[in-house]
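Following: one structure in structure tokens, then a few remarks.
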There are 2 protein chains.
Amino acid sequence: MLLSKACVYGLRSSLFLASHEGDGYISIREMSEKLDISFHFLTKILQQLTSAGLMESHKGPKGGVRLTKSGSEVSLFEIVAAIDGTELFTECALGLPGCGVKKPCPLHDKWADTRDGIRLMLEGTNLVELAKKGKKENLRITEDGGFEWI
Amino acid sequence: MLLSKACVYGLRSSLFLASHEGDGYISIREMSEKLDISFHFLTKILQQLTSAGLMESHKGPKGGVRLTKSGSEVSLFEIVAAIDGTELFTECALGLPGCGVKKPCPLHDKWADTRDGIRLMLEGTNLVELAKKGKKENLRITEDGGFEWI
DNA sequence: AAGTTTTAAGAGTATTTTATCTTAATTTAA
DNA sequence: TTAAATTAAGATAAAATACTCTTAAAACTT
Ligand code: SF4
Ligand code: SF4
């Protein structure tokens with residue numbers, strides 16, 4: 001799998017938050033139920049996004065998390081980088097350490113292009129754009145398709 | 001990581017075999033030492049490639065493995081598919097099941113293009129091509145760069 | 001035929017990832 | 001000021017991946 005489970009959950013909930021922009025803090029419990037993700041696991045993932053500065057959290061009743069920046073300013077790349085790190089975009093298709101520094105592997109030229117393709121796609125896509133599209137075309141962000149865009 | 005460790009090891013040893021085409025069976029022990037991969041682990045990986053029909057093996061002294069087809073006919077995609085499967089090229093960036101069948105996720109269009117980019121790169125690259133390039137430019141396929149092309 | 005070399009196969013171990021559980025700290029509201 | 005709601009944090013558990021060990025089977029050499 002290209003992205004870890006944690007990362008995929010991070011993307012899904014970021015999308016959720018982008019579609020609720022301006023609604024204040026959204027509780028993690030609510031998100032975990034609507035998106036069908038384990039509450040405790042999601043909490044940990046969102047803590048990562050919070051400490052990366054992408055979200056801010058608030059405790060107590062009426063608490064929850066919300067995006068710090070406007071969703072249109074947050075690219076998928078930032079979320080992936082915060083959870084899975086940027087190794088995917090700097091390291092080797094053959095798993096060799098120190099790409100570009102020591103002598104490269106035979107696959108380098110082709111892989112570097114492919115790798116950049118992934119990065120550019122993630123950098124060039126923002127949360128609001130996706131949430132709008134999802135809402136307009138009634139696309140899904142849960143396994144059972146049960147989630148309804150507001 | 002895009003490809004599993006097993007898959008990367010499979011690619012490295014396939015590259016090794018391609019550069020030894022016509023030398024008959026190459027022992028797994030020799031490969032594991034030259035490529036610095038655990039012998040038993042490599043054995044299992046090569047068993048997968050053998051049962052997928054990409055390699056054939058022979059027991060006893062003078063035994064080992066060799067490519068069934070000419071290395072120029074084997075694409076990286078075949079090796080990846082035999083070890084990691086083709087999920088990467090059919091499934092969802094958001095980890096949702098049944099892509100294309102049920103309603104898609106908002107990322108689908110962009111992700112499908114990116115995904116195809118990875119597949120086309122792997123399909124469009126064959127073993128001999130890479131081995132030749134590696135030999136000519138003295139590129140590496142081991143971590144320490146210690147491997148020498150023959 | 002016996003001994004050696006080599007892959008095959010399955011069991012076993014270690015590490016990482018994924019997920020859960022428990023307790024604490026903070027904030028709101030009655 | 002007390003109770004309820006909520007995130008924070010750390011410990012634990014389960015599952016998946018990565019790796020190792022042991023024994024068996026096959027094939028070559030003498
Ligand atoms: S140079 Fe080769 S080894 Fe390094 S990252 Fe690129 S493909 Fe991988
Ligand atoms: S349609 Fe959406 S859910 Fe399905 S594979 Fe494509 S990106 Fe993933």
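Per chain, numbering begins at 1; letters A, B, ... match sequence-line order.
dT6(C) atom P lies 18 Å from atom CD of Glu56(B), rounded to whole Å. The CD1-C1' distance, from Ile26(B) to dT7(C), rounds to 15 Å in whole Å. Rounded to an integer number of Å, the gap from CD1 of Ile28(A) to P of dT6(D) is 11 Å. To the nearest angstrom, C1' of dA19(C) lies 14 Å from CD of Gln48(A). Taking atom CG on Leu49(B) and atom C1' on dT7(C), their separation rounds to 14 Å, with Å as the unit. Summarising the geometry, the separation between CE on Met55(B) and P on dT7(C) is reported as 12 Å, rounded to the nearest angstrom. Following rounding to the nearest Å, Leu46(B) (CG) and dA9(C) (C1') show an atom-to-atom distance of 15 Å. A straight line from CG of Leu42(A) to P of dA8(D) spans 11 Å, rounded to a whole angstrom.
For the pair Leu3(A) and His58(B), both in contact range of DNA chain C, the more 5′-proximal nearest nucleotide belongs to His58(B). In terms of position along DNA chain D, the nucleotide closest to Pro61(A) lies nearer the 5' end than the nucleotide closest to the other residue of the pair Pro61(A) and Lys44(A).
The nucleotide whose nearest atom lies closest to any side-chain atom of Gln47(B) is, among dA8(C), dA27(D), dA8(D), dA8(C). Residue His40(B) places its side chain closer to dA9(C) than to any other of dA9(C), dA5(D), dA19(C). Distances were taken from every side-chain heavy atom of Ser38(A) (C-beta onward) to each of dC28(D), dT20(C), dT7(C); the shortest belongs to dT20(C). Checked against dA9(D), dT7(C), dT27(C), the side chain of Lys59(B) finds its nearest nucleotide in dT7(C). Side-chain atoms of Lys62(B) lie closest to dT29(D) of the nucleotides dT29(D), dT7(D), dA18(D).
Listed pair Lys5(A) / dT17(C) fails the phosphate criterion, with no side-chain N or O lying under 4.0 Å from OP1 or OP2. When the side-chain nitrogen and oxygen atoms of Tyr9(B) are compared with OP1 and OP2 of dC19(D), one or more of them lie within a distance under 4.0 Å. In terms of phosphate contacts, Tyr25(B) brings no side-chain nitrogen or oxygen within less than 4.0 Å of OP1 or OP2 of dT7(C). Checking the phosphate oxygens (OP1, OP2) of dA8(C), a side-chain nitrogen or oxygen of Ser57(B) falls inside 4.0 Å.
A salt bridge links Lys110(B) with Glu129(A): at least one charged nitrogen is closer than 4.0 Å to a carboxylate oxygen. Of the charged side-chain nitrogens involved, at least one lies within less than 4.0 Å of a carboxylate oxygen, so that Asp116(A) and Arg119(A) count as a salt-bridged pair. Between Glu78(A) and Lys69(A) there is a salt bridge, since a side-chain N of the basic residue sits under 4.0 Å from a carboxylate O of the acidic one.
Looking only at atom types and distance, the side chain of Asn126(B) has no donor-acceptor partner in the side chain of Ser75(B) under 3.5 Å away.
Across all strands, Ser4(B) comes closer than 4.0 Å only to sugar-phosphate atoms, never to a base (heavy-atom distances).
Within a 6.0 Å sphere centred on CG of Asp36(B), heavy atoms belonging to other residues, nucleotides or ligands number 12 at most.
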